[in-house]
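Below is one structure; the comments refer to it alone.
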Amino acid sequence: MAEYLKIKVANPQASRPQIVGLSASPGAGGKPNLPGAEKWLLVLIASLDAEVFRTVEKPENIAELEENVNTPSKHVLVTDSRSLDPFRETVEGVMTAIEALLPPDLQLQYGGPRGVQEYQSAVDLVKKQATEERNTEVVQQCDHLLNYNKALQMNNTARMKDAMEILTDFYNKLKGRHKISSAESQLLDLFEAQRNHLIAISQREDEYPNPKLMRLEKEILKAVQELEDEFRGILFVKTRALTQAILSWVKETPALRFLNPGVLTGSGGEDVGRLTHGQQVGVIKKFNDGIHKLLIATSIAEEGLDIRDCNMVIKYNYATNEIAMVQARGRARAAEGKELVIADVHIAEKDRVNALTVEVSEQAIKNVRSQLNSSEFQEKVRQLQLDMIKDREEKKKQRKIKKGLNRASDVRLCCKGCPDGGLICYGNELRLDQCNHIYPSRQWDKVEFRQHTDKKKQDLGIKKVHCKTCGFDLGNTHKGYPCLKISSFNIVLPDGTTLNKKKWKDVPFELETMTL
């Protein structure tokens, strides 16, 4: 819409396309108060240059909607974690030992529980500072803390053996590298000292069952008893890793095995469990045909896919925002459909706030629609559009300035995995081929190619690119050339400043283009 708004402001009489947008809910921008929600709608209207804002309002249309679209009944079940959790206690003991290794000026500024998003954020802050200071040892310690935190999150929602699998995979990959630093060797020793104990504990799920899984099994069986062969459920979880863990749990639980569950996840990234569009279509067809009676899904199933009405939606320790809440609830449109939330107390509270925000949004829509054609409101929209254009142009200008501050030949890209920050290449050695960032030099003395772990990519001839010194993952091949991912590098500027970027568009130098 950026170019659309520029055309409109430059010449209001210019021909512009007519756009019709449909949404289950415009939301409230996460603002559970009326002024905040109204401001959000104002920004939305200005961004889309909306002249008409329609909702179902005529009594006969509302009656027809209520007759044809079921509003599911909703129940929230707050469920505790394990009362006795030796797996968590052991993992936290290792985390405490790692935290003690952090230097005084890079201590975690956090006093809350581990195994939550807030802990991850605290570790990320230390990691960012350590990266800027080129303190590879602390960066590595943070990476290990983040992995243990991920295992605790899995332990909270799945089985201990699922959490153990996260740790085992991480440390097996570490041991598979050609060379590891003395700091990582020390961290590996901490894990190895507890490995056998953790394995033994993780095999005692019957003694330390997860209350959330017990409640989940109970509620699914209760719904199956009521609905019999008509049962169709979607189980929403937060991560792809958790979809795989729950899939395994359902298949290994005798009372639930008959559900023949399917998994529905997104196609982006390289995570385990991602599905191509064709695979998504296949899974949905099996669900629609009744082959899969249960879908275990991430947020991909909330909107945009042709999933027939199901009669049960379960949000398993899962809460996103008010728009996603409306969309997920809409999946339970079948007659007598139910929506169930099984969650920790803080997730249940977030769900409650989302429900409140949905109500606020509905009132805000009424208020804004009543003002939409007033000259005062239209002037607010016009001024906001002018500010948006100005802001975009300024950001574009600033990006261009930042890109020109450093010559590509003076910028070093160094492997994050190397303890001494090993140089891989200079910025001027890279080329941009459409959206692929290529290292076209044939003198690949700093990298090596290995077989890709993804079978489909193997079939396409794509290989993994690793640092030859430490074995760190640097990306994939593209048409036989190394295609590097910037998140694997420390970007070292001429003055010694070290940056980390997740996206290539944010690097502070220009890349030359090429066509392969």
Side-chain angles (χ1 to χ4, degrees), residues 81-102 108 113-116 119-120 122-124 126-127 136-210 212-213 239-249 251-252 271-273 416-419 450 453 464 466-467 470-473:
S81 300
R82 295 176 179 88
S83 56
L84 293 175
D85 196 342
F87 185 91
R88 181 184 183 91
E89 291 172 6
T90 305
V91 167
E92 288 200 286
V94 179
M95 295 173 80
T96 299
I98 297 175
E99 290 165 5
L101 298 174
L102 298 172
L108 293 180
R114 301 182 181 93
V116 294
Y119 181 86
Q120 177 181 322
V123 176
D124 282 335
V126 173
K127 182 180 177 181
T136 306
E137 187 171 315
V138 172
V139 170
Q140 291 168 345
Q141 290 163 350
C142 288
D143 284 337
H144 287 245
L145 286 174
L146 291 171
N147 192 66
Y148 280 112
N149 195 63
K150 190 185 297 183
L152 288 182
Q153 290 175 313
M154 181 65 78
N155 183 60
N156 182 46
T157 48
R159 299 165 298 182
M160 292 183 288
K161 72 175 186 178
D162 301 312
M164 185 63 198
E165 189 173 326
I166 289 175
L167 297 177
T168 301
D169 287 349
F170 180 83
Y171 284 101
N172 284 347
K173 287 178 182 177
L174 179 61
K175 289 194 293 184
R177 280 164 47 183
H178 294 313
K179 181 181 178 181
I180 62 176
S181 66
S182 58
E184 286 199 299
S185 181
Q186 182 183 16
L187 295 169
L188 178 59
D189 288 343
L190 285 174
F191 173 71
E192 290 296 343
Q194 298 296 335
R195 180 195 283 265
N196 290 337
H197 179 58
L198 285 169
I199 290 173
I201 293 171
S202 66
Q203 293 173 347
R204 296 162 62 188
E205 191 72 34
D206 290 344
E207 294 180 50
Y208 307 105
N210 190 325
K212 292 185 183 66
L213 290 178
T239 66
R240 292 178 184 174
L242 188 52
T243 64
Q244 297 300 313
I246 298 297
L247 175 68
S248 177
W249 169 73
K251 288 183 174 180
E252 294 174 21
D271 299 13
V272 173
K416 274 187 180 180
C418 287
R450 300 182 192 172
T453 53
K464 290 298 297 180
H466 291 265
C467 173
C470 71
F472 197 69
D473 180 4

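- Among residues two or more places apart in sequence or in another chain, the side chain to side chain contact (heavy atoms under 4.5 Å, CB included) test is passed with Lys173 by none.
- The side chain to side chain donor-acceptor pair (under 3.5 Å) check on Lys416 picks up nothing, with sequence neighbours excluded.
- Residues satisfying the side chain to side chain contact (heavy atoms under 4.5 Å, CB included) test with Glu252, not counting sequence neighbours, are Arg159, Lys161, Ser248.
- In terms of the ring pair (Phe, Tyr, Trp, His ring centres under 6.0 Å) criterion, residue partners of Phe170 (sequence neighbours excluded) are, by chain and number, His144.
- Every residue two or more places apart in sequence or in another chain was checked for a ring pair (Phe, Tyr, Trp, His ring centres under 6.0 Å) with Tyr208, and none qualifies.
- For the residue pair Val116 and Pro113, the shortest heavy atom distance occurs at CG2-O, 3.2 Å.
- Met160 contributes atom CE, which lies 9.5 Å from atom CD of Gln203 (distance to the nearest 0.5 angstrom).
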Just list the side-chain donor-acceptor pairs under 3.5 Å for residues 180-189, sequence neighbours left out, or say none.
| residue | atom | partner | partner atom | Å |
| --- | --- | --- | --- | --- |
| Ser181 | OG | Gln140 | OE1 | 3.0 |
| Ser181 | OG | Glu184 | N | 3.1 |
| Glu184 | OE1 | Arg177 | NH2 | 3.1 |

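- With values rounded to the nearest 0.5 angstrom, Glu205 atom CD is found 6.5 Å from Asn210 atom CG.
- The two residues Val126 and Cys142 make their nearest non-hydrogen contact at CG1-SG, 3.8 Å.
- Panel note: side chain Thr168, backbone Glu165; no donor-acceptor pair is recorded below 3.5 Å.
- Every residue meeting the side chain to side chain contact (heavy atoms under 4.5 Å, CB included) condition with Thr90, not counting sequence neighbours, appears here in chain and number order: Gln194, His197, Leu198, Ile201.
- The stretch residues 144-158 participates, sequence neighbours left out, in no salt bridge (charged side-chain N to carboxylate O under 4.0 Å, His left out) pair at all.
- Applying the salt bridge (charged side-chain N to carboxylate O under 4.0 Å, His left out) criterion to Glu207, with sequence neighbours excluded, gives Arg204.
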Criterion side chain to side chain contact (heavy atoms under 4.5 Å, CB included) on Tyr148 and Ile98, from CA distance to verdict: CA-CA 10 Å; Tyr148 280 112; Ile98 297 175; 3.6 Å; yes
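- With sequence neighbours excluded, no residue forms a side chain to side chain donor-acceptor pair (under 3.5 Å) with Asn149.
- With sequence neighbours excluded, the residues satisfying side chain to side chain contact (heavy atoms under 4.5 Å, CB included) with Asp124 are Gln120, Leu146.
- Residues satisfying the salt bridge (charged side-chain N to carboxylate O under 4.0 Å, His left out) criterion with Arg114, sequence neighbours excluded, are Glu92, Glu99.
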